[in-house]
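One-based numbering, in listed order, for ligands and for the atoms of each.
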Amino acid sequence: EGEVYRYYADGEWRVSASGKSVAIVNPTTRLTQYRVQACTQEEVNKVMETAKVAQKAWARTPLWKRAELLHKAAAILKEHKTPIAECLVKEIAKPAKDAISEVVRSGDLVSYTAEEGVRILGEGKLLVSDSFPGNERNKYCLSSKVPLGVVLAIPPFNYPVNLAVSKIGPALIAGNALVLKPPTQGAVAALHMVHCFHLAGFPKGLINCVTGKGSEIGDFLTMHPGVNCISFTGGDTGIAISKKAGMVPLQMELGGKDACVVLEDADLDLVAANIVKGGFSYSGQRCTAVKVVLIMESVADIVVEKVKAKLAKLTVGPPEADSDITPVVTESSANFIEGLVMDAKEKGATFCQEYRREGNLIWPLLLDHVRPDMRIAWEEPFGPVLPVIRINSVEEGIHHCNASNFGLQGCVFTKDINKAIMISDAMETGTVQINSAPARGPDHFPFQGLKDSGIGSQGITNSINMMTKVKSTVINLP
Ligand code: G3P
């Protein structure tokens with residue numbers, strides 16, 4: 001404590017004129033771990049101006065040079081994995097090993113983005129006019145992808161580094177400038193990641209990172225006329241942003257209620273392993289976590305027993321010890337989770353373990369015999385508590401999935417590939433995984449949510465395309 005981390009603008013580390021800072025509370029100790037600058041609206045204005053200027057020059061920088069710098073940043077990022085992971089452990093209580101994996105995965109993502117960018121942006125299109133009725137072959141249309149301008153990137157607390165670079169990489173390779181607003185929990189890890197880009201030697205003003213209170217600069221950023229694209233990952237705030245944002249392309253990923261549908265013929269050991277991994281890794285704080293199990297009654301008892309046995313083996317404790325279950329990110333998050341648990345208890349759910357909480361630490365809990373009148377059947381806890389709903393038909397399962405306001409991913413376990421495909425087709429989600437828990441990665445796969453889960457498709461290739469616009473020049477022959 002004591003030091004206030006600086007924000008990054010115009011290639012320099014700066015102290016805000018506000019004289020104020022924002023505290024980052026360690027979820028484990030519940031004490032202030034770090035402080036970051038509380039930037040002002042005026043400072044945001046400045047950042048937008050410099051980003052705009054830097055972008056113009058960057059768009060003219062050859063693609064291969066842009067790629068070269070990204071490769072350099074990726075390598076530096078990986079070299080800095082230990083101190084960045086340490087921030088993740090302290091700021092968001094991510095288990096130590098997972099924190100390291102997040103940084104390594106981020107380096108790989110940036111390199112892949114550079115590779116993919118030089119391929120797909122190096123290609124354009126040529127159209128000739130005589131395929132459309134009434135035209136001679138006298139018009140040649142040359143189209144290519146050009147940058148949008150300034151991209152505003154807002155990642156969430158659960159992947160402050162990875163979900164930041166999944167926006168930064170595509171934005172930069174495509175020739176855009178970048179303004180990053182990191183989440184409060186995870187801001188120091190994000191600043192450290194930005195430092196790696198700084199060391200790689202990107203031009204001044206091209207990458208900027210402003211920190212501060214959402215109430216002061218949140219709307220101001222998202223409604224800023226200097227912003228040409230918003231890429232946001234997070235919760236409900238995204239819905240508010242998309243209502244207020246101007247006429248700019250939006251990429252939004254806003255959580256989910258991913259269902260795990262288990263049929264009678266499934267490999268039940270595989271099911272149990274995936275329920276535990278899918279529902280409880282990073283204590284359930286992933287938008288792609290398994291958030292409801294929809295299981296055929298005939299196999300439910302066996303699977304519940306198998307999951308119980310596995311949950312009993314999970315370690316619960318501090319992230320420094322690489323515990324499987326660690327404290328959830330904030331006290332209010334823990335209170336929200338507890339609210340869902342208590343509602344289910346009152347309405348008669350079966351608790352497979354005793355409910356236990358100390359501070360922000362919640363022990364893993366499986367809730368059996370959950371019914372649709374319970375909040376936990378529909379709401380996302382973002383914590384280590386998982387409801388099981390017993391079903392008597394596949395249709396009942398699909399009906400529950402599709403009645404959700406979310407539509408991110410889902411998964412189905414069966415050995416019958418025909419049934420699996422039929423269920424995948426029927427599920428109104430962006431992705432369906434067959435015989436594995438939902439997941440965003442590998443990071444070049446398309447990743448998209450329907451309904452309240454988001455707008456647009458991510459994944460490296462889709463994000464690069466999304467952060468460009470088509471520019472055409474038509475040559476008219478006499
Ligand atoms: O919660 C963010 C979402 O993108 C999850 O990513 O890699 O845990 O599936 P992942």
Side-chain angles (χ1 to χ4, degrees), residues 85 88 91-95 97-110 112-113 153-170 182-183 185-186 189-190 231-238 251-260 274-292 319 324-326 328-330 333 337 379-384 386 406-411 429-434 436-450 452-463 466:
L88 293 172
E91 290 183 277
I92 62 163
K94 185 164 273 199
K97 272 196 199 122
D98 294 351
I100 291 278
S101 318
E102 175 173 347
V103 185
V104 174
R105 173 183 180 181
S106 300
D108 291 337
L109 190 153
V110 173
Y112 191 104
T113 304
I154 309 180
F157 81 84
N158 61 351
Y159 287 95
V161 176
N162 184 265
L163 282 170
V165 298
S166 75
K167 304 171 191 312
I168 297 172
Q185 307 286 141
S231 179
F232 174 93
T233 308
D236 293 350
T237 329
Q251 188 179 50
M252 298 266 161
E253 199 260 284
L254 316 177
K257 185 72 183 171
D258 293 6
C260 172
N274 274 277
I275 288 175
V276 173
K277 183 170 150 269
F280 296 88
S281 50
Y282 188 36
S283 307
Q285 298 174 107
R286 295 163 55 236
C287 37
T288 48
V290 168
K291 296 207 179 92
V292 59
D324 298 311
I325 302 293
T326 55
V328 297
V329 69
T330 56
S333 175
I337 297 163
E379 295 179 44
E380 58 170 347
F382 236 68
L386 180 62
F406 290 112
L408 189 59
Q409 294 204 357
C411 61
T429 60
T431 302
V432 174
Q433 306 265 353
I434 297 172
S436 186
R440 172 167 48 109
D443 290 338
H444 66 308
F445 280 13
F447 181 55
Q448 55 279 315
L450 307 180
D452 286 354
S453 289
I455 317 174
S457 181
Q458 301 173 67
I460 292 170
T461 315
N462 287 343
S463 291
M466 183 268 173

### Query
About how many Å separate CD of Q448 and CD of Q251, when rounded to the nearest 0.5 Å?
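Separation between the atoms: 10.5 Å.
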Minimum heavy-atom distance [X]-[Y], with the two atoms named:
X: P160; Y: I92; result: CD-CD1, 3.8 Å
X: V165; Y: L109; result: O-CD2, 3.7 Å
X: R286; Y: A439; result: NH2-CA, 4.1 Å

#### Entry: T326 side chain vs P319 backbone, donor-acceptor pair below 3.5 Å
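No.
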#### Entry: Which of the ligand 1 atoms, numbered from 1, are nearer than 4.0 Å to a heavy atom of R105
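Numbered from 1, ligand 1 contributes 7 (O).
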### Numbered atoms of ligand 1 (with element) below 4.0 Å of R286, judged on heavy atoms
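Listed by number with element, the hits are 1 (O), 8 (O), 9 (O), 10 (P).
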Closest protein heavy atom (residue, atom, distance) for [atom]:
atom: atom 5 (C) of ligand 1; result: T288 OG1, 3.2 Å
atom: atom 6 (O) of ligand 1; result: R440 NE, 2.9 Å
atom: atom 2 (C) of ligand 1; result: C287 SG, 2.6 Å

### Task
May I ask you to establish whether K94 and F157 are in a cation-pi arrangement, using a distance under 6.0 Å from NZ or CZ to the six-membered ring centre and at most 45° from the ring axis?
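Output no; distance or angle outside limits.
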### Query
Of the listed options (F157, F447, Y159, Y282), which comes nearest to atom 10 (P) of ligand 1 when hydrogens are ignored and any heavy atom counts?
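Looking at heavy atoms only, the winner is Y159.
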### Message
If the test is side-chain contact (heavy atoms from CB on, under 4.5 Å), which one of V104, D98, V103 qualifies with I100?
### Response
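Considering V104, D98, V103, a side-chain contact (heavy atoms from CB on, under 4.5 Å) with I100 is found only for V104.
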### Query
Does ligand 1 have any atom that is closer than 4.0 Å to a heavy atom of E253?
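It does, in that a heavy atom of E253 comes within the 4.0 Å cut-off of ligand 1.
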### Query
When you look for heavy atoms under 4.0 Å from ligand 1, do you find them on the side chain of L163, its backbone, both, or neither?
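Looking at L163 and ligand 1, just side chain atoms fall under 4.0 Å.
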### Message
Below the 3.5 angstrom mark, is there an N/O of T233, backbone or side chain, next to an N/O of ligand 1?
### Response
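No - when backbone and side-chain N and O of T233 are compared with those of ligand 1, no distance drops under 3.5 Å.
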